[in-house]
Asks: 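Got a structure here, written out as structure tokens. Questions coming.
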Amino acid sequence: MSAALTSEVTADLQAIVGEQWVITDPVRLLAYESDGLTAYRRPPGAVVLPADTDDVSQVMACLAHAEVPVVPRGAGTGLSGGALAGPDAVIVATPRMNRIVHVDPENRLALLQPGVINADLTVAARPHGLYYAPDPSSQSACTIGGNVAENAGGPHCLKYGVTSRYVTGLTVVLYDGEVLRLGGLGRDSAGYDLTGVFIGSEGCFGIATEIEVRLLPIPQATRTLLAMFDQLEDAGEAVSAIVARGLLPAALEIIDRETIQAVEASIFAAGYPVDVEAALVIEFDGIEAGLDFEAEEAERCCWEKGAREVRRARSEEERLALWQGRKKAFGAFGRVAPDLLVQDATVPRTRLPEVLRAITEIGHRYGLRLANVFHAGDGNLHPNILFDRSDADELARVEQASREIMAVCVEAGGTITGEHGVGLDKRGYMRMVHSRDVLEVMRATKKAFDPWGGMNPGKVLP
Amino acid sequence: MNALAAVLSRRLPEGQVVEGFRAEQWAVCDRVPQAVVFPESESEVAEVMRLATQEGWTVVPAGKGTWLHGGQPPGAVDVVLSTMRMDRITLYEPGDLTVTAEGGIGLDLLARRCGEHGQWLPLDPPGPRKGTLAATVSTASSGPLAYHHGSPKDHVLGVSLVTGDGRVLELGGRVVKNVAGFDVLKLTIGSWGTLGVLTSITTRLHPQPPADRTVLFRGEAAELVALARAIATAPAPLAALEMLLPGERERSGGPVSLLAVRILEAPEATDEICRIVTDTAGASAFRQMDGRASADLFRNVEALESGAELVVRLSLLPSQLEALRQYACTLRDLADPDEGWGTRLAAHVQNGILRVIMSRMARGEGWIDRAAEVIERVRGGLEAEGGSLTLSRGPCELVSAVGAWGDVGPAAPLMKTLKREFDPAGVLSPGRLGFL
Ligand SMILES: Cc1cc2nc3c(=O)[nH]c(=O)nc-3n(C[C@H](O)[C@H](O)[C@H](O)COP(=O)(O)OP(=O)(O)OC[C@H]3O[C@@H](n4cnc5c(N)ncnc54)[C@H](O)[C@@H]3O)c2cc1C
């Protein structure tokens, strides 16, 4: 594709969305030079901010005509470099498309523009006794459009499932400006599940401009526990024991010593003991009756696996305090080390203890600081490496260790990314989990949506 | 032995190829295949598909053959490929709450094995339980449990798929969260055997519910609709909400119209949910069934379609249940008033799906044309309101005439491109999805 972002193209874009909604000023473009993964920085050629599906369609048709590549962008909290564009590409960003078209309590549905912030949807649904279940830890910033593009998960996806479970229909705009309506509750769609395959397409198929999602009734009650362990593996064993007992908590999250120390040293200090090796957050939700029983069963599992202490929240404030350490972990890393490499592998739950052991060993061997914060119930690990990019030797060790960690997870029957997506960052790992034929089919699937190759080029596929 | 069967017999181990009169019971919508093959491994499936692509034979993948007349009649059927001899569980680690099994495993066998560990796969598609996992996934079939527990797309984590030209694709994986690349797996779920043969499937499992209770309300259809809508918006986790209106000749003195509310939670929570449901209903339940009785009732719901000549799925938003019922009444005119049990209606209330299940259709001069006209009118009405009409089962001429599904719309070219990628020679179930 021969890109040509000429001044005529810029003028055409301005004519479509209005002058103030096309950014070309190099200083302002710096705000778009990276996403949540700040290791990669590359300002785009321009940023366009459309207001609705029709705008997007015209913008895309214009860019397709000029053969300029398009990179969709929501809030830019992605952790795989997916929303990055080079100087010859244009970012189409959705912050103006932040309208909740309607909340329909009768059908427990909401229709949204893609720029709606995840947490805002739940706020809008609350008066109807409803909420939106997928809750990425970034939910106060990330957009539903970004969630769809990444098939985002979150702490409560253990019981409730990830984004794909809740998206019932989409309006998408393809590179040439064609508008397709996919799925929708209340109809058996004929043919292949294009809604399903679009979810998780990381901006490489088209731009989602309207999203229909399912809402759930707010659970009547919750029970939240925090268990402390002197061994990280023991916390992993406790997770297995809880699952084996047939309990289905809403969330099972682990944070390790390195993370606890980072949190406790920060403004987010949550009152976790800093000398434990791991803290396990356990939450149950549902009908009030019977929750105490489940919480007690889970507590027993923790004691059996050698917990040093188990705290139980007695009020909503206490509950938030127990969650604080988990929720603020990423924010707290910032002051510990200049750079952070976030990993996102998933392994079968029963393999957690041995994989955690192997990861710790790799960290030691390379002399790196590793901080684990993860969705333990789903086996979704986030072994984060804290380092300093300006130290070339350390950077090389980080890369080597990352690859080894991935290999361990894949070897255990897992995968390279559970919720953050491949983006730019993990393309190099794709061959570890997919055969040539499968990669070829993925390429062809992208091509069916984007035969021109104009959507988010250079992402996902190796 | 016919030529095609002879070629296949040379390539496959003894006893895996059937032809002649024994192939007749494997007719797909009246089209008797030249051969039925029963491969026992993925590589044998791949061998058959490579051969088919080379020779240009059309292949319809099948399981136990319990629902070969579902979907649109394929244009041609040279070979039926049954996965029923591939029925092993290949990897089951209960602690992972996932299981990997060959595609031909029956849902009943899978349920038994997982039940031994207190786990289950909450899928209750219509039809006999011996139906295979691969067929269930391939047709994306589900039942009353789908709203709360999810449908095949929510359960399936990974598959092995043998494409039309014999490539073996491992799509997805065995972990519960996986976004490594484009989710091509989703295309295969509900692809009706047009993209490949599912030889292995990994699905998520759930702990078996600690209690099973169904609360029944009865009344006139219109009353039940109002009640159903009220209960659907009650703030409580309901495993299923099914409205059942019996056939005309089942009524007199016999079964009545029912609303069945199923609860699959811990015992204490179950009592509380019951209370919420009856409070919301503002009516007292007519009966409560626990444990086995509750499960059996829903087993009967699974079996509702058996023996029916026509099954039509109508869909609108859940709040439009009464409109759905009105549409269903229009279809009742197609029933033979003198034969069978008449027309049953069964609604998945929370999903806005109503099934019209007809024992026998009225015959007579031009009956196909007449039925087609009525069905098309209803489909038109539903589609205009954003809904749909699907023929799950019916006389082949009728299904051919009106199409099992409605129009795909502007996405058709995109889907055709995808189909070509999986099945370059177009040998897999041609015409099964209507437009491809
Ligand atoms: C502190 C922190 C915690 C996080 N925790 C979680 C977590 O718990 N679970 C989780 O899953 N993720 C988590 N993330 C990652 C990130 O928040 C999610 O991936 C989120 O879904 C991205 O949304 P966004 O709006 O920021 O998307 P962006 O970063 O702007 O974009 C992400 C990708 O989506 C594409 N895209 C954006 N909008 C559209 C659209 N409308 N149509 C098509 N493509 C589009 C982009 O091209 C890009 O490829 C976390 C991130 C941070 C910084």
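The chains referred to below are lettered A, B, ... by the order of the sequence lines, with proteins before strands, and numbering in each begins at 1. Here the structure is a predicted model, which means the values were calculated and not measured.
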Asks: What part of B:Thr390 gets within 4.5 angstrom of chain A, counting heavy atoms only: side chain, backbone, both, or neither?
Replies: side chain
Asks: With a 3.5 Å distance limit and no angle check, can you tell me whether B:Asn178 reaches the backbone of A:Gly418 through a side-chain donor-acceptor pair?
Replies: no
Asks: Check whether any side-chain heavy atom of A:His375 sits under 4.5 Å from a side-chain heavy atom of B:Lys177, and report yes or no.
Replies: yes
Asks: When only pairs under 4.5 Å are counted, which of A:Val438, A:Leu461, A:Leu109 shares the most heavy-atom pairs with chain B?
Replies: A:Val438
Asks: Quick one: of B:Arg204, B:Lys153, B:Glu170, B:Arg313, who has the most non-hydrogen atom pairs under 4.5 Å with chain A?
Replies: B:Arg313
Asks: Check step by step if side-chain hydrogen bond (donor to acceptor under 3.5 Å, both in side chains) holds for B:Thr188 and A:Tyr192.
Replies: CA-CA 8 Å; B:Thr188 68; A:Tyr192 304 130; over 6 Å; no
Asks: Is there a side-chain contact between B:Glu272 and A:Gln220 (heavy atoms, below 4.5 Å)?
Replies: yes
Asks: Side chain, backbone, both or neither: which part of A:Asn380 has an atom under 4.5 Å from a heavy atom of chain B?
Replies: side chain
Asks: Among A:Glu440, A:Lys446, A:Arg214, A:Arg427, single out the residue with the greatest number of heavy-atom pairs under 4.5 Å to chain B.
Replies: A:Arg214
Asks: In terms of heavy-atom proximity below 4.5 Å to chain A, should B:Ile276 be classed as side chain, backbone, both, or neither?
Replies: side chain
Asks: Could you have a look at B:Thr194, B:Leu382, B:Leu161, B:Asn351 and say which one has the most heavy-atom pairs with chain A under 4.5 angstrom?
Replies: B:Thr194
Asks: Looking at B:Thr98, B:Thr417, B:Leu169, which has the largest count of heavy-atom pairs under 4.5 Å with chain A?
Replies: B:Leu169
Asks: Checking B:Leu317 against chain A: side chain, backbone, both or neither under 4.5 Å from a heavy atom?
Replies: both
Asks: Can you tell me how far CG of A:Asp378 sits from CG of B:Leu97, rounded to the nearest 0.5 angstrom?
Replies: 10.5 Å
Asks: Could you tell me whether a side-chain N or O of B:Thr233 sits under 3.5 Å from a main-chain N or O of A:Glu106, the two making a donor and an acceptor?
Replies: no
Asks: Pick one of side chain, backbone, both or neither for B:Ala232, based on which atoms fall under 4.5 Å of a heavy atom in chain A.
Replies: backbone
Asks: Among B:Val184, B:Thr163, B:Leu195, which one satisfies side-chain contact (heavy atoms from CB on, under 4.5 Å) with A:Val441?
Replies: B:Val184
Asks: Tell me the closest heavy-atom pair linking A:Thr350 and B:Glu93, and the distance in Å.
Replies: OG1-CG, 3.6 Å
Asks: Side chain, backbone, both or neither: which part of A:Thr445 has a heavy atom under 4.5 Å from chain B?
Replies: both
Asks: At a heavy-atom distance under 4.5 Å, which candidate from B:Gly403, B:Ala234, B:Ala266, B:Gly173 has the highest pair count against chain A?
Replies: B:Ala234
Asks: So which part of B:His149 gets closer than 4.5 Å to some heavy atom of chain A, the side chain, the backbone, both or neither?
Replies: backbone
Asks: Taking every non-hydrogen pair under 4.5 Å, which of B:Ser191, B:Ala269, B:Pro413 racks up the most with chain A?
Replies: B:Ala269
Asks: Please look at B:Pro318 and chain A and tell me whether the side chain, the backbone, both or neither of the residue comes under 4.5 angstrom of a heavy atom of that chain.
Replies: both
Asks: Evaluate the salt bridge (charged side-chain N to carboxylate O under 4.0 Å, His left out) criterion for residues A:Asp437 and B:Arg167: first the C-alpha distance (whole Å), next the side-chain angles of each, then the deciding distance (0.1 Å), finally the verdict.
Replies: CA-CA 8 Å; A:Asp437 280 346; B:Arg167 281 167 289 159; 5.4 Å; no
Asks: Would you confirm whether A:His434, through its side chain, and B:Ala180, through its main-chain N or O, come within 3.5 Å as a donor-acceptor pair?
Replies: yes
Asks: How about A:Glu411: does its CD atom have over 12 heavy atoms from other parts shown lying under 6.0 Å from it?
Replies: no
Asks: Report which part of B:Arg420 has an atom under 4.5 Å of a heavy atom belonging to chain A: side chain, backbone, both, or neither.
Replies: neither
Asks: Among B:Tyr147, B:Phe422, B:Trp405, which residue has the highest count of heavy-atom pairs closer than 4.5 Å to chain A?
Replies: B:Tyr147
Asks: Short question: side chain of A:Arg349, backbone of B:Asp96 - any donor-acceptor pair under 3.5 Å?
Replies: yes
Asks: Go through A:Val243, A:Thr195, A:Asp188, A:Val179 and name the one with the most non-hydrogen pairs under 4.5 angstrom from chain B.
Replies: A:Asp188
Asks: Are any side-chain N or O atoms of A:Arg108 and backbone N or O atoms of B:Gln350, one a donor and one an acceptor, separated by less than 3.5 Å?
Replies: no
Asks: Report yes if the side chains of A:Leu194 and B:Leu187 come closer than 4.5 Å at any heavy-atom pair, otherwise no.
Replies: yes
Asks: Would you say the side-chain atoms of B:Lys186 pair up with the backbone N or O of A:Ile199, donor to acceptor, closer than 3.5 Å?
Replies: no
Asks: For a 4.5 angstrom cut-off between non-hydrogen side-chain atoms, does A:Glu178 reach B:Pro410?
Replies: yes
Asks: Quick check: do B:Leu185 and A:Val197 have side-chain heavy atoms less than 4.5 Å from each other?
Replies: no
Asks: Considering only heavy atoms, which portion of B:His148 lies under 4.5 Å from any heavy atom of chain A: side chain, backbone, both, or neither?
Replies: backbone
